Novice: 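Sending over a structure as C-alpha cells; questions will come in a sec.
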Amino acid sequence: MTAQTDTSGSVTTVYKVTGMSCGHCEGSVSGEISEIPGVSSVKAVASTGEVTVVSAAPLDDEAVRAAVDEAGFELAGRA
C-alpha cells in the first residue's frame, strides 16, 4: 500500500483504477474524488490507471471506492 506523509502534513496516496482510457475518464475520476472532504489535489493518468490523491489525512478507502464507482470506473486498490 502506498501512502506517504510529506513535510507539509498532507498525505499522498496512489490508487489503481480500471477502465480509464482518455482525458474525459481522467476528469470524471478526478472530479468525483475531489469532492471527498480533505482532498486537496487529484491527478488521474489513464495510460497507467494510477490516480494520485493528496489529502489532509488518510482517506477511507470505501469513500474513494464510492467516488470512483460514481464516475463509472472500478477501484482496483492502492498502487
Side-chain angles (χ1 to χ4, degrees):
M1 292 189 188
T2 303
Q4 298 176 317
T5 304
D6 68 20
T7 54
S8 66
S10 62
V11 177
T12 301
T13 309
V14 180
Y15 297 94
K16 287 294 276 185
V17 174
T18 59
M20 293 190 299
S21 61
C22 65
H24 183 265
C25 299
E26 294 169 348
S28 295
V29 170
S30 295
E32 290 295 335
I33 294 175
S34 292
E35 293 182 16
I36 299 171
V39 170
S40 56
S41 77
V42 181
K43 179 176 170 76
V45 180
S47 62
T48 62
E50 291 189 346
V51 180
T52 304
V53 181
V54 179
S55 55
L59 297 176
D60 176 47
D61 284 345
E62 287 309 309
V64 176
R65 184 176 308 282
V68 171
D69 286 347
E70 183 67 27
F73 301 95
E74 184 178 343
L75 179 67
R78 294 188 188 194

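Here the structure is a predicted model, which is why all the values come from computation and not from measurement.
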Novice: The criterion is side chain to side chain contact (heavy atoms under 4.5 Å, CB included); which residues satisfy it with Asp60, sequence neighbours excluded?
Specialist: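 So Asp60 forms a side chain to side chain contact (heavy atoms under 4.5 Å, CB included) with Glu62, Ala63.
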Novice: For Glu26, give me all partners under side chain to side chain contact (heavy atoms under 4.5 Å, CB included), at least two apart in sequence or on another chain.
Specialist: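 So Glu26 forms a side chain to side chain contact (heavy atoms under 4.5 Å, CB included) with Ala44, Ala46.
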Novice: Looking at residues at least two apart in the chain, or sitting in another chain, which of them share a side chain to side chain contact (heavy atoms under 4.5 Å, CB included) with Ser40?
Specialist: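 If we apply the side chain to side chain contact (heavy atoms under 4.5 Å, CB included) test to Ser40, skipping adjacent residues, the hits are Val54.
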Novice: Tell me the closest heavy-atom pair linking Gly19 and Cys25, and the distance in Å.
Specialist: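 Answer, listing the atom of Gly19 first, then Cys25: O-SG, 4.4 Å.
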Novice: Would you list the pairs meeting salt bridge (charged side-chain N to carboxylate O under 4.0 Å, His left out) in which at least one residue belongs to residues 68-77, sequence neighbours left out?
Specialist: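 For residues 68-77, and leaving out neighbouring residues, there are no salt bridge (charged side-chain N to carboxylate O under 4.0 Å, His left out) pairs at all.
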Novice: Who clusters with Phe73? Use side-chain heavy atoms, under 4.5 angstrom, across I, L, V, M, F, W and Y, and order the result by chain and number.
Specialist: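 Grouped by the 4.5 Å side-chain rule, Tyr15, Val17, Met20, Val29, Ile33, Ile36, Val39, Val42, Val51, Val53, Leu59, Val64, Val68, Leu75 form the rest of the cluster around Phe73.
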Novice: Using side chain to side chain contact (heavy atoms under 4.5 Å, CB included) as the criterion, list what pairs up with Lys16, not counting sequence neighbours.
Specialist: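 For Lys16 the side chain to side chain contact (heavy atoms under 4.5 Å, CB included) partners, ignoring immediate neighbours, are Glu50, Ala76, Ala79.
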